[in-house]
Amino acid sequence: MSTYDSTTYGDHWASLYDLIESPSLDTEGAVECLSELSGNGTLLELGVGTGRVALPLVERGFTVHGIEASSAMIEELQKRPGAEELTIIKGDFADIAATTSYSLIFAAYNTFSSLLEQETQIQCLKSAARSLTPSGALVLELAVPDLARLAKEQDVSVRFVDSELVVLHAAQYDLLNQKIVGQTTVTTNGLTRIFPVQVRYIWPSELDLMARIAGLKLESRWADWQKSEFKGSSTSHISVYRLLD
């Protein structure tokens, strides 16, 4: 884990991501919501992964670009139907080196948290602001930090169990640096493998301040892709930012 970088998660998770993560996520809701926010221009996904969200948007007729650092994830993505219609940009999305202006830039399912330093997160927000059209939107889907888990500074949980597959997750919480260092253990067909993950969790109010520093302002915040009301008890949020006037 000492060599963890922007490619580590994707390189380890690519072959199992759609099996373990995708089934529990509201992909249809994400695609519908992002379609409504898309405007009339090109869309950009930060950390496109296997194309879970980007490819359905392509199917709807949108022009979509996707940034991805992991070669293994790109390889998995290119196996998917419709991938040839998606423009893939290989690189770290912390700095969007794009010549296109986007009407919508988005990062789904905690992808933005994979940037492990606050300064890097601010750099990404500034880069996104520079890459938006004047009326464009930045949309981030993030978890709300769980105070009960943070208080214990560690957590072990069962993600999935059936007769052929067991998925366990263990994590430690670095409260000073707001980092979670975890390993997901997957046992199937008598074989056990571990998959690393690191994120820097972000409080919603902190995200709003970082966005302000980057030249963005919060327009809307929902608890999920169905646009449910965001409350103190919400475990996740969808935040929509626009350029400051």
Side-chain angles (χ1 to χ4, degrees), residues 1-6 8-13 16-27 29-30 46-47 49 52-53 93-94 106-122 124-125 139-162 165-188 192-211 218 221-239:
M1 296 291 277
S2 61
T3 59
Y4 196 100
D5 61 23
S6 61
T8 304
Y9 179 86
D11 286 350
H12 283 77
W13 279 86
L16 282 178
Y17 183 85
D18 287 339
L19 173 66
I20 295 174
E21 297 286 10
S22 294
S24 64
L25 303 178
D26 183 13
T27 300
L46 308 180
R52 175 183 68 88
V53 178
F93 67 80
F106 65 94
Y109 189 49
N110 292 320
T111 299
F112 184 74
S113 288
S114 67
L115 302 175
L116 299 179
E117 305 294 336
Q118 185 184 65
E119 284 301 315
T120 309
Q121 293 172 345
I122 293 173
C124 179
L125 292 171
V139 181
L140 302 176
E141 178 188 14
L142 289 166
V144 176
D146 186 330
L147 288 173
R149 292 183 177 181
L150 292 177
K152 296 186 294 182
E153 298 189 34
Q154 61 183 358
D155 180 63
V156 178
S157 58
V158 178
R159 296 281 301 278
F160 184 82
V161 177
D162 70 8
L165 177 66
V166 177
V167 182
L168 308 175
H169 184 70
Q172 291 185 321
Y173 298 82
D174 177 353
L175 303 186
L176 181 62
N177 296 299
Q178 295 183 204
K179 290 184 180 178
I180 302 173
V181 177
Q183 293 277 9
T184 298
T185 303
V186 179
T187 301
T188 183
T192 297
R193 299 170 63 191
I194 59 173
F195 299 86
V197 60
Q198 291 189 23
V199 298
R200 181 187 182 273
Y201 62 85
I202 311 159
W203 303 99
S205 57
E206 177 192 10
L207 180 63
D208 294 346
L209 178 57
M210 291 195 295
L218 181 69
R221 173 165 288 143
W222 307 300
D224 51 41
W225 291 111
Q226 306 301 320
K227 300 183 180 180
S228 302
E229 180 184 359
F230 182 75
K231 302 178 181 179
S233 58
S234 299
T235 59
S236 63
H237 63 95
I238 312 298
S239 296

**Q** List the steps and the verdict of side-chain contact (heavy atoms from CB on, under 4.5 Å) for L140 and L207.
**A** CA-CA 10 Å; L140 302 176; L207 180 63; 4.0 Å; yes

**Q** Is there a donor-acceptor pair closer than 3.5 Å between any side-chain N or O of S114 and the backbone N or O of V199?
**A**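 Flag not set: sc S114 to bb V199 has no pair under 3.5 Å.
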
**Q** Side-chain contact test, heavy atoms from C-beta onward, threshold under 4.5 Å: evaluate it for S24 versus F160 and give yes or no.
**A** no

**Q** What are the two closest heavy atoms between A108 and T111, and how far apart are they?
**A**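 It is O-OG1, 2.6 Å.
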
**Q** Are there more than 12 heavy atoms of other residues, nucleotides or ligands under 6.0 Å from atom CG of L209?
**A** yes

**Q** Determine the minimum heavy-atom distance between A223 and S234, stating which atoms define it.
**A** CB-OG, 3.6 Å

**Q** Please find the pair of heavy atoms, one from H169 and one from T184, that lie closest to each other, and give the distance.
**A**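 Closest approach of H169 to T184, heavy atoms only: ND1-OG1, 2.8 Å.
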
**Q** Decide yes or no for W225 and V139: does some side-chain heavy atom of the first lie under 4.5 Å from some side-chain heavy atom of the second?
**A** yes

**Q** What pairs meet the side chain to side chain donor-acceptor pair (under 3.5 Å) rule with one or both residues in residues 200-210, with sequence neighbours excluded?
**A**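 Found Q118-E206, Q121-R200, Q178-E206, R200-E206, D208-R221, D208-Y241.
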
**Q** Quick check, are the ring centers of W13 and Y9 under 6.0 angstrom apart?
**A**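 Between W13 and Y9, the centre distance is under 6.0 Å.
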
**Q** Supply the atom-to-atom distance I202 CD1 to L115 CG, rounded to the nearest 0.5 angstrom.
**A** 8.0 Å

**Q** Report, one line per pair, each donor and acceptor closer than 3.5 Å where one atom sits in a side chain of residues 142-155; sequence neighbours left out.
**A**
residue: D146; atom: OD1; partner: A148; partner atom: N; Å: 3.0
residue: D146; atom: OD1; partner: R149; partner atom: N; Å: 3.4

**Q** Taking the side chain as everything from C-beta on, heavy atoms only, tell me whether Y4 gets closer than 4.5 Å to L116.
**A** yes

**Q** Ignoring hydrogens, what is the shortest heavy-atom contact between G29 and Q226? Give both atom names and the distance.
**A** CA-NE2, 3.7 Å

**Q** Only one of Q198, Q172, E117 clears side chain to side chain donor-acceptor pair (under 3.5 Å) with K179; which?
**A**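 Of all the options given, the one that passes is E117.
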
**Q** Once salt bridge (Lys or Arg N to Asp or Glu O under 4.0 Å) is applied, do any residues pair with D18, and if so which ones, sequence neighbours excluded?
**A**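 So D18 forms a salt bridge (Lys or Arg N to Asp or Glu O under 4.0 Å) with R80.
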
**Q** Nearest heavy-atom pair of A171 and I180: which atoms, and what distance?
**A**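 Taking A171 first and I180 second, the nearest heavy atoms are CB-CG2, 3.8 Å.
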
**Q** State the CG-CZ distance between L25 and R52, to the nearest 0.5 angstrom.
**A** 4.5 Å

**Q** Go through F106 and V53 one step at a time and tell me if the side-chain contact (heavy atoms from CB on, under 4.5 Å) criterion holds.
**A** CA-CA 10 Å; F106 65 94; V53 178; 3.7 Å; yes

**Q** Rounded to the nearest 0.5 Å, what separation is found between the CZ atom of F230 and the CG atom of D224?
**A** 11.0 Å

**Q** Quick one: pull up OG1 in T185 and CZ in R159 and give me the separation to the nearest 0.5 Å.
**A**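 Rounded to the nearest 0.5 Å, the OG1-CZ separation comes to 11.0 Å.
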
**Q** Might you work through the side-chain contact (heavy atoms from CB on, under 4.5 Å) test for T3 and T8, ending with a clear yes or no?
**A** CA-CA 8 Å; T3 59; T8 304; 5.8 Å; no

